[in-house]
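Structure record follows, encoded as structure tokens.
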Amino acid sequence: MLNQIDLSRIDLNLLVLFEIVFEERHVGRSAERLHLSPSAISHGLGRLRTLLGDPLFLKTPKGVVPTERALQLATSVAEILARIRGVVSTVTPFDPRHSTRRFVIGAPDGVSSVILPSLLETLRGVAPGVDVGIRQLLPVQGFTVPHLAWKDALKELEDRTLDIAIIPFDDIPVRFHKQKLYEEEFVIAVRKGHPFQRNPTLKRYCEMEHLVVSHTGDVSGFVDVELAKKGLARRVALTVPNFNFALSVLSETEMVSALPRSFVEIHGARFDVVAVKTPLPLPRFSINMVLPKVAMMDAGLAWLVELLGQVRAGNGGSSVLRSGKRNRSMHS
């Protein structure tokens, strides 16, 4: 994207500025992240526009939006900066104890609610200055095939609006690094003392009022697929947009709901919600960390991937992590 004649007058900071403005879509927030004034950001964007021959970012009432040329350049800029950071990190190793970086992790709420408590506890001990942003990822409405349902998450990774995605998706394209974080399965959740605990039969299950977690309000999910195989059906009395809301409703009603086991084990007790024996087969699947392979050249991101893996395995805060050195849709 840059020819040899231009290299003598290129300020590498302009590429960093491009990356941050592309991520934030806002001049003011970009200025805060770079510890610059908004006018300095505007001046830098002016230099970039002259250099690259394109407006790059267009003003809107809510910030800025990238032009088509900026969208085309984003992956190249990210790769260039990742390679430079990789080179620099070999000279100055990433030090989590003194880092003030901010990482953005995207995941469905049933996943982020599972990993976040342990992650925050570990960060306090090994990287107290590191900040984390959690973004909720949702499968694309209308697609049941995983590579289509999660295509927006993969695009956000390549656009660098996300550092890491943690999603229930196995068939990741080869340009991405994939690492299994944990195995998940669904269980039937009810309030403690619910009559269904004493009589968890399939017949009784079909007679209950059901709660389904669906951000679109769609009442059909994998439970209905399994019931249909047996010629059975259920009544979905309520849909709610996230798993935490589901726990609150279950604690105060006679409803039942299929929820991720790890989520119920970590958060159910606060709502007096428990898992009961399932009267029908429920899916089991891998929760994977995903990021572009080129991003793994960034020592900080490589450290975070290792940290997440060890935190989930119950080994967070190991000496390796302290040193900074490297050694499907969930709609029920």
Side-chain angles (χ1 to χ4, degrees), residues 107-117 136-139 141 143-146 149-150 153 166-171 180-192 194 196-197 199-230 232-251 253-289 312 328-332:
D109 77 295
V111 173
S112 57
S113 295
V114 168
I115 65 168
L116 194 57
Q136 182 171 7
L137 297 184
L138 299 168
Q141 185 177 359
F143 291 106
T144 57
V145 179
W150 295 105
I166 304 178
I167 50 180
F169 178 25
D170 277 318
D171 191 19
K180 186 167 77 172
L181 192 56
Y182 62 97
E183 286 284 325
E184 184 61 280
E185 62 181 346
F186 274 74
V187 296
I188 304 304
V190 298
R191 66 169 179 80
K192 190 174 182 180
H194 193 291
F196 187 67
Q197 281 184 274
N199 186 29
T201 65
L202 184 57
K203 179 178 183 297
R204 183 65 180 133
Y205 178 72
C206 292
E207 294 170 348
M208 304 300 300
E209 292 185 340
H210 290 251
L211 181 156
V212 166
V213 177
S214 168
H215 68 281
T216 64
D218 185 5
V219 299
S220 181
F222 56 77
V223 168
D224 303 279
V225 173
E226 292 299 327
L227 290 175
K229 292 177 182 177
K230 302 177 183 296
L232 300 172
R234 64 175 176 169
R235 175 196 169 196
V236 176
L238 178 68
T239 64
V240 296
N242 59 66
F243 291 104
N244 283 289
F245 196 173
L247 287 181
S248 178
V249 173
L250 290 177
S251 70
T253 68
E254 297 297 296
M255 294 184 187
V256 301
S257 184
L259 301 179
R261 178 184 292 279
S262 298
F263 174 76
V264 175
E265 288 177 347
I266 292 173
H267 298 286
R270 291 187 291 117
F271 294 88
D272 280 336
V273 170
V274 297
V276 300
K277 181 180 178 181
T278 61
L280 75 167
L282 295 180
R284 183 179 181 88
F285 47 89
S286 297
I287 301 295
N288 293 310
M289 291 186 284
R312 186 58 194 159
R328 74 184 60 195
S329 170
M330 299 178 69
H331 177 185
S332 59

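The first residue in the sequence is number 1, and the count goes up from there. As the structure is a computational prediction, the values presented were derived from the model and not from experiment.
Taking CG of Leu280 as the start and CZ of Phe222 as the end, the distance is 9.0 Å to the nearest 0.5 Å. Atom CG of Leu238 is separated from atom CZ of Phe245 by 7.0 Å, given to the nearest 0.5 angstrom. Here the CG atom belonging to Asp218 is positioned 9.0 Å from the CG atom belonging to Asp224, to the nearest 0.5 angstrom. Taking CD1 of Ile167 as the start and CG of Leu138 as the end, the distance is 12.0 Å to the nearest 0.5 Å. Between Glu226 atom CD and Leu282 atom CG the span is 7.5 Å, to the nearest 0.5 Å. Annotation: the span from Cys206 atom SG to Lys230 atom NZ amounts to 10.0 Å, rounded to 0.5 Å.
Residues Val213 and Ala246 come closest through the heavy atom pair CG2-CB, 3.8 Å. Closest of all the heavy-atom pairs between Pro108 and Ile166 is CD-O, 3.2 Å. Nearest heavy atom pair, residue Val219 against residue Val212, reads O-CG2, 4.0 Å. Scanning all heavy atoms of the two residues, the minimum distance from Tyr205 to His210 falls at O-NE2, 2.8 Å. Between Phe263 and Gly110, the shortest heavy-atom contact is CB-O, 4.1 Å. Closest approach of Arg191 and Glu254 over heavy atoms only: NH2-OE2, 2.7 Å.
In the model, Arg270 has a side-chain atom that pairs as donor or acceptor with a side-chain atom of His267 under 3.5 Å.
Partner of Val111 under the side chain to side chain contact (heavy atoms under 4.5 Å, CB included) criterion, chosen from Leu137, Leu116, Ile287: Ile287. Among Lys180, Glu183, Glu184, the single residue meeting the side-chain hydrogen bond (donor to acceptor under 3.5 Å, both in side chains) criterion with Ser286 is Glu183.
The closest donor-acceptor contact from the side chain of His215 to the backbone of Asn242 lies at 3.5 Å or more, if one exists at all. A donor-acceptor pair under 3.5 Å links the side-chain atoms of Gln197 to the main chain of His194, judged by distance alone.
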Test side chain to side chain contact (heavy atoms under 4.5 Å, CB included) on Leu259 and Leu250; report intermediate values, then the result. CA-CA 11 Å; Leu259 301 179; Leu250 290 177; 3.9 Å; yes

Side chain to side chain contact (heavy atoms under 4.5 Å, CB included) evaluation trace for Asp272 with Ser251: CA-CA 6 Å; Asp272 280 336; Ser251 70; 5.6 Å; no

Test Asp170 against Asn288 for side chain to side chain contact (heavy atoms under 4.5 Å, CB included), laying out the working first. CA-CA 7 Å; Asp170 277 318; Asn288 293 310; 2.9 Å; yes

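Two residues are said to be in side-chain contact when any heavy atoms from C-beta on lie closer than 4.5 Å; Val264 and Val274 fail this criterion. With a 4.5 Å cut-off on side-chain heavy atoms, Leu227 and Leu202 count as touching. Using a 4.5 Å cut-off on side-chain heavy atoms (C-beta onward), Tyr182 and Ile115 make contact. In this structure, Leu211 and Thr253 have side chains that are not in contact, with every pair of non-hydrogen atoms separated by 4.5 Å or more. Using a 4.5 Å cut-off on side-chain heavy atoms (C-beta onward), Asn244 and Ser113 make contact.
For the pair Glu207 and Arg235, the salt-bridge criterion is not met [side-chain N within less than 4.0 Å of a carboxylate O].
In this pair, Phe243 and Phe186 present their aromatic rings tilted. The plane angle is within the 30 to 60° band.
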